[in-house]
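Here's the structure we're looking at; comments come further down.
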Amino acid sequence: MNFHPPTAYGHLSEAISQILVTPEQLEAKVRELGERISQDYEDKNPLLIGVLKGVFPFMADLVRMITIPHEVDFMAVSSYSRETRRQGLVRLEKDLGESIRGRHVLFVEDMIDTGLTLSYLLRNLRSREPATLEVCAIFNKPQRRLIDIPIKYKGFDLPDKFVVGYGLDYREQYRNLPFVGLLKAEVLHPNKNKKDVS
């Protein structure tokens with residue numbers, strides 16, 4: 001994992017008010033998680049499942065740190081409405097390519113906040129009768145949790161603030177930043193301090 005320095009990202013990095021997790025911290029944590037998963041799933045050929053889009057940078061780095069045979073698949077979901085999103089109800093846009101019955105499944109997440117959507121997806125996967133089903137998340141916002149989610153492999157706890165980078169976006173931007181940071185207030189609320197001119 002060789003990242004460019006934050007300054008290389010021009011106006012994207014200029015929109016960041018504070019870096020919360022550095023590229024070096026991310027690399028060390030992903031390596032640690034990869035080593036633990038390799039030990040725990042030795043001879044089990046686990047299937048790693050991620051939900052697009054935010055998880056793909058973490059997933060790409062994680063699989064390169066796993067030293068045992070494993071497979072990867074992805075799901076894609078969307079919310080029916082703002083209300084159903086608050087309830088954790090989602091529509092499956094892309095399902096898994098193959099059956100997971102009898103497989104050792106590791107669900108890989110970029111961020112867990114309320115836990116509602118993840119709980120829904122885990123129930124869906126459990127109904128398909130995997131041998132085991134565990135969760136790995138690189139980022140966690142425990143203050144926002146509305147439903148308990150056991151996380152076997154966890155990266156970083158983050159504050160209850162809007163963060164971007166390493167897969168996390170704001171209006172589909174900033175996913176490519178190799179760190180996690182807070183967006184400046186003027187980026188999140190560009191019109192807040194502007195006076196009406198009439």
Side-chain angles (χ1 to χ4, degrees), residues 1-4 9 12 20-42 44-79 90-100 103-122 124-126 128 130-141 149-158 163-170 172-181:
M1 293 166 57
N2 294 315
F3 296 123
H4 300 297
Y9 293 83
L12 291 176
L20 300 178
V21 186
T22 67
E24 294 77 17
Q25 290 172 313
L26 282 167
E27 180 173 2
K29 181 58 71 174
V30 174
R31 186 179 302 278
E32 173 195 321
L33 293 173
E35 290 173 354
R36 288 180 54 201
I37 291 166
S38 299
Q39 292 171 1
D40 293 349
Y41 287 90
E42 190 173 5
K44 293 182 177 178
N45 187 30
L47 174 64
L48 278 64
I49 296 175
V51 174
L52 298 170
K53 306 175 187 173
V55 79
F56 77 89
F58 172 43
M59 185 81 107
D61 288 339
L62 181 64
V63 298
R64 287 178 289 179
M65 295 298 174
I66 295 175
T67 56
I68 59 170
H70 62 280
E71 298 172 29
V72 173
D73 205 344
F74 290 94
M75 304 172 82
V77 300
S78 65
S79 300
V90 293
R91 178 175 59 242
L92 214 53
E93 298 282 347
K94 178 197 176 304
D95 204 349
L96 301 175
E98 298 181 14
S99 169
I100 63 170
R103 296 292 307 270
H104 294 281
V105 175
L106 181 60
F107 196 89
V108 181
E109 270 279 42
D110 53 346
M111 171 77 76
I112 302 178
D113 47 25
T114 66
L116 292 172
T117 299
L118 178 54
S119 177
Y120 173 85
L121 291 172
L122 292 176
N124 179 298
L125 294 175
R126 284 192 196 99
R128 307 183 196 197
T132 60
L133 178 60
E134 302 289 354
V135 174
C136 172
I138 188 64
F139 304 122
N140 180 44
K141 286 185 176 178
I149 300 287
I151 308 172
K152 185 165 185 179
Y153 306 97
K154 186 179 73 170
F156 302 91
D157 284 339
L158 297 179
V163 295
V164 295
Y166 203 62
L168 306 176
D169 76 297
Y170 174 63
E172 293 300 324
Q173 298 293 314
Y174 306 99
R175 293 189 196 276
N176 59 317
L177 293 177
F179 55 83
V180 174

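For clarity, every value in this text was computed on a predicted model and none was experimentally measured.
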Given side chains that start at C-beta, do those of D40 and E134 come closer than 4.5 Å, heavy atoms only?
-> no
d(I149 CD1, E109 CD) to nearest 0.5 Å is 9.0 Å
L125 and M75, any side-chain heavy atoms less than 4.5 Å apart = yes
Using side-chain contact (heavy atoms from CB on, under 4.5 Å) as the criterion, list what pairs up with K29, not counting sequence neighbours.
-> E32, L33, I138, F156
Supply the atom-to-atom distance L106 CG to K152 NZ, rounded to the nearest 0.5 angstrom.
-> 9.0 Å
Applying side-chain contact (heavy atoms from CB on, under 4.5 Å) to Q173 and not counting sequence neighbours gives L12
Among all residues two or more places apart in sequence or in another chain, which pass the side chain to side chain donor-acceptor pair (under 3.5 Å) test with N124?
-> R128
Any F107 side-chain heavy atom under 4.5 Å of V51 side chain | yes
side-chain contact (heavy atoms from CB on, under 4.5 Å) with E93: which residues, sequence neighbours excluded?
-> A76, S78, R91
Please state whether the rings of H104 and Y41 are parallel, tilted or perpendicular, taking 30° and 60° as the class boundaries.
-> perpendicular
Indicate yes or no for a side-chain donor-acceptor contact from D73 to the backbone of L96 under 3.5 Å, with no hydrogens or angles considered.
-> no
pair P46-I68: side-chain heavy atoms closer than 4.5 Å = yes
List in chain and number order the residues that pass side chain to side chain donor-acceptor pair (under 3.5 Å) with Y166, two or more places apart in sequence or in another chain; answer none if no residue qualifies.
-> D61
Close side-chain approach of I49 to I100, heavy-atom, < 4.5 Å = yes
Residues at least two apart in sequence or cross-chain that pass side chain to side chain donor-acceptor pair (under 3.5 Å) with H70, listed by chain then number, are none
Check step by step if salt bridge (Lys or Arg N to Asp or Glu O under 4.0 Å) holds for R103 and E71.
-> CA-CA 11 Å; R103 296 292 307 270; E71 298 172 29; 3.5 Å; yes
Is there a side-chain contact between V77 and Y120, using heavy atoms and a 4.5 Å cut-off?
-> no
Taking side chain as C-beta onward, heavy atoms only, is P150 less than 4.5 Å from V135?
-> no
For K53, does the NZ atom sit with more than 12 other heavy atoms under 6.0 Å from it, leaving out its own atoms?
-> no
If you count the non-hydrogen atoms of other residues, nucleotides and ligands that lie under 6.0 Å from CZ in R31, is the total more than 12?
-> no
